[in-house]
Amino acid sequence: MLLSPENAYDVVLSHVKPMKIESLPLAKITCGCFVLAEDIRCDRDQPPADRSAMDGYAVRAADVSKVPARLKLIGEVAAGSSKRPRVTPGSCAAILTGGNIPPGADTVIEVENTECSGDEIFIKASARLGRNIRRRGEESKKGSLLLNRGELLTPQRVGVCAMVGKADVRTRPIPKVAVLCTGAEVRDVSAKIGVHELRDSNGPTLLGALAEMGITKVKRTIVPDDPKKILAKLKSAAQANDVVIITGGVSVGQYDFVPSAVREAGGRIRVHGVKMKPGKPQLFATLPDNKFIFGLPGNPVSVLTGFWALVAPALRRLGGTSIDKCRPAVMLPLATSTTSSHKGGRTLFRLARTVQTRTGLAVEPIKSMGSADIIAACQAEGVIIIQAKGQDIPAGSMVEFQLWKKL
């Protein structure tokens with residue numbers, strides 16, 4: 001029975017459970033895939049002391065209320081220095097960005113507003129009390145919550161973990177993924193081919209999409225349309241990986257051997273056929289131990305559509321992403337009119353990209369010759385979801401735009 005895209009998505013995520021939590025060295029975190037499995041709190045005030053935000057001189061505001069003013073230089077405080085020269089009336093200390101404010105000082109004068117002559121500093125501009133000082137704890141207090149469990153470890157969040165001394169982070173491992181591309185006509189990219197053959201674009205496309213999510217160690221194999229060979233490769237891949245993605249041979253034709261191979265490999269098919277265009281013959285099967293098989297149609301645009309609609313959300317869920325964040329989408333106005341008229345009552349996943357208009361960001365459909373037109377897909381940033389209502393959709397209408405990228 002064909003499922004709607006929403007029902008198929010719900011079925012997939014109802015079976016996929018987050019992987020077991022483990023502790024990983026921060027240096028091994030690859031941004032784009034790992035999700036925090038613990039809250040991160042501040043281990044000390046940030047900044048831990050009053051610090052200078054500029055290169056200049058630490059002074060008493062009272063001494064520079066009237067300018068020009070001359071102050072005696074009594075020392076220097078560099079970033080990382082433990083020196084604490086006391087600033088008294090009529091004196092100042094040189095200070096570099098990040099240096100701790102010395103006792104007695106309450107303001108920092110920028111170096112460009114000063115002149116130096118030996119141990120005498122000429123102040124040319126006055127400053128309000130507290131100028132150019134980052135106060136202790138103004139960013140966060142000790143014990144305050146900085147990051148929540150379930151958040152994706154972006155580069156800046158990795159930086160926060162490092163700032164608070166988290167050398168090891170509780171997270172979930174990167175799912176192990178294998179890609180099998182089937183077809184008697186499919187040849188490796190470097191192979192010489194005839195007019196009856198195709199170079200494998202699906203494999204590299206999927207490897208690129210997986211890399212976008214931070215999954216880079218993926219084994220890709222080309223398998224001919226031979227039921228025994230497909231079964232053998234599928235069993236081997238399923239044993240060694242958490243997720244197997246197989247392209248081609250997933251429908252119900254004479255040479256579509258994948259569904260039977262999935263069953264013989266111990267898989268239980270939960271989804272086989274989705275009311276979506278392109279990509280109707282989507283397949284999703286479960287294996288024991290939280291392992292999964294995804295079967296995608298052979299045409300490259302169908303592969304991309306199926307990957308981002310069903311496979312990517314499952315991979316995010318395995319990594320610990322909350323269900324409500326597994327499929328990023330935004331509502332945007334259409335830049336140009338389009339049509340929802342298409343056969344079969346299927347939901348249309350139409351290639352699209354964002355454009356800047358006079359009224360703001362909008363989404364523009366991309367002309368495509370069909371599910372094999374990967375050249376058109378090069379212009380896409382994702383797809384707009386168009387329900388089969390048989391009527392034109394005017395420019396300015398709000399539509400759902402699903403992004404083809406990581407969270």
**Report entry** Expected output: side-chain R327 to main-chain D324 donor-acceptor under 3.5 Å
**Finding:** no
Report task. Spell out, as yes or no, whether a donor-acceptor pair under 3.5 Å connects the side chain of D45 to the backbone of K142. Result -> yes
Query - All pairs passing side chain to side chain donor-acceptor pair (under 3.5 Å) where residues 283-306 contributes a residue, at least two apart - result: R270-T286, N299-S371
Requested in this report: Identify the two heavy atoms, one from A285 and one from V262, that lie closest to each other, and give their separation to 0.1 Å.
Outcome: CB-CG1, 3.5 Å
Report task. Would you indicate whether the side-chain heavy atoms of P25 and D168 approach each other to under 4.5 Å? Result -> yes
Query raised in the report: For K124, does the NZ atom have more than 12 heavy-atom neighbours from other residues, nucleotides or ligands under 6.0 Å away?
Result: yes
**Report entry** Within residues 99-108 or reaching into it, pairs that qualify as side chain to side chain donor-acceptor pair (under 3.5 Å) - sequence neighbours excluded
**Finding:** R51-N100
Query - By side chain to side chain donor-acceptor pair (under 3.5 Å) - contacts of N132 (at least two apart) - result: E110
Query - Student check: side-chain heavy atoms of C181 and V223 closer than 4.5 Å - result: no
Report summary line: In this structure, CD1 of I222 is separated from CG of D188 (nearest 0.5 Å) by 5.0 Å
Query raised in the report: Should we say atom CD1 of I193 is surrounded by more than 12 heavy atoms from elsewhere, each under 6.0 Å from it?
Result: yes
Query raised in the report: side-chain contact (heavy atoms from CB on, under 4.5 Å) between I293 and V258: does it pass, once the steps are laid out?
Result: CA-CA 10 Å; I293 299 170; V258 170; 5.9 Å; no
**Report entry** Reported OG1-to-CZ distance for the pair T114 and R70, which is rounded to 0.5 angstrom
**Finding:** 12.0 Å
Query - Which atom of A8 lies closest to which atom of V271, heavy atoms considered - result: CB-CG1, 4.2 Å
Query raised in the report: Any chance CZ of R268 has more than 12 other-residue heavy atoms, nucleotides or ligands included, within less than 6.0 Å?
Result: no
Query raised in the report: Do L296 and Q282 come within less than 4.5 Å of each other through their side chains, counting heavy atoms only?
Result: yes
Query raised in the report: Counting distance only, does the side-chain N/O of S65 pair as donor-acceptor with the main-chain N or O of A62 below 3.5 Å?
Result: yes
Requested in this report: Could you tell me which residues satisfy ring-ring contact (aromatic ring centres under 6.0 Å, His included) with F284, sequence neighbours excluded, listed by chain and number?
Outcome: F292, F294
**Report entry** Contact check, side chains of I385 and T347, non-hydrogen atoms, under 4.5 Å
**Finding:** yes
Query raised in the report: How long is the span from the CE atom in M19 to the NZ atom in K176, to the nearest 0.5 Å?
Result: 8.0 Å
Report task. Indicate yes or no for a side-chain donor-acceptor contact from S4 to the backbone of N7 under 3.5 Å, with no hydrogens or angles considered. Result -> yes
Query raised in the report: Is K219 close to S236 at the side-chain level, that is, under 4.5 Å between some pair of heavy atoms?
Result: no
Requested in this report: Check C326 against T321 and note the closest heavy-atom contact, atom names and distance.
Outcome: SG-O, 3.8 Å
Requested in this report: Using modelled atom types only, decide if a donor and an acceptor are shared between the side chain of S126 and the backbone of K66 within a distance under 3.5 Å.
Outcome: no
Query - R199, CZ atom: more than 12 neighbouring heavy atoms under 6.0 Å - result: no
Query raised in the report: Got a second to check how far R317's CZ is from I323's CD1, nearest 0.5 Å?
Result: 4.5 Å
Requested in this report: Give the minimum heavy-atom separation between P173 and K20, together with the two atoms involved.
Outcome: CD-O, 3.3 Å
**Report entry** R157 side chain to L152 backbone, donor-acceptor under 3.5 Å
**Finding:** yes
Report task. Enter the distance from D63:CG to I123:CD1 here, rounded to the nearest 0.5 Å. Result -> 9.5 Å
Query - Under 3.5 Å: donor-acceptor pair, side chain of R346, backbone of K275 - result: no
Query raised in the report: Do V111 and C116 have side chains that get closer than 4.5 Å, going by heavy atoms?
Result: no
Output a table of donor-acceptor pairs, distance under 3.5 Å, between side-chain atoms of residues 80-91 and any protein atom two or more places apart or on a different chain; print 'none' if there are none.
residue: S81; atom: OG; partner: K83; partner atom: N; Å: 3.1
residue: T88; atom: OG1; partner: S91; partner atom: OG; Å: 3.3
residue: S91; atom: OG; partner: T88; partner atom: N; Å: 2.8
residue: S91; atom: OG; partner: T88; partner atom: O; Å: 2.7

Query raised in the report: A265 and K235: which non-hydrogen atoms are nearest, and at how many Å?
Result: CB-CG, 3.9 Å
Requested in this report: Check the pair V77 / S52 against side-chain contact (heavy atoms from CB on, under 4.5 Å), numbers first and verdict last.
Outcome: CA-CA 10 Å; V77 181; S52 177; over 6 Å; no
Requested in this report: Looking only at non-hydrogen atoms, find the nearest pair between D200 and V189 and report the distance.
Outcome: O-CG2, 3.6 Å
Report task. Check whether any side-chain heavy atom of Q379 sits under 4.5 Å from a side-chain heavy atom of E364, and report yes or no. Result -> no
Query raised in the report: When you measure from the side chain of D225 to the backbone N and O of F257, does any donor-acceptor pair fall under 3.5 Å?
Result: no
Query raised in the report: For S14, does its backbone N or O pair with a side-chain atom of K17 as donor and acceptor, under 3.5 Å?
Result: yes
Report task. Determine the sole option in R136, E139, R135 for which the side chain to side chain contact (heavy atoms under 4.5 Å, CB included) test with P47 is passed. Result -> E139
Report summary line: Residue pairs passing the ring pair (Phe, Tyr, Trp, His ring centres under 6.0 Å) test with at least one member in residues 5-49, sequence neighbours excluded, are none
Query raised in the report: Can you check side-chain contact (heavy atoms from CB on, under 4.5 Å) on L210 and L315, steps first, answer last?
Result: CA-CA 9 Å; L210 290 164; L315 293 171; 3.5 Å; yes
Report summary line: Between the CD atom in E212 and the CH2 atom in W308, the distance rounded to the nearest 0.5 Å is 5.5 Å
Query - Check: T354 and Q356 side chains under 4.5 Å, non-hydrogen atoms - result: no
Query raised in the report: Testing K166, R170, R149 for side-chain hydrogen bond (donor to acceptor under 3.5 Å, both in side chains) with E38, which one passes?
Result: K166
Query - E400 vs M331, side-chain contact (heavy atoms from CB on, under 4.5 Å): CA-CA, chis, key distance, verdict - result: CA-CA 5 Å; E400 181 182 353; M331 297 299 293; 3.8 Å; yes
Query - Donor-acceptor contact present, side-chain E151 to main-chain N148, <3.5 Å - result: yes
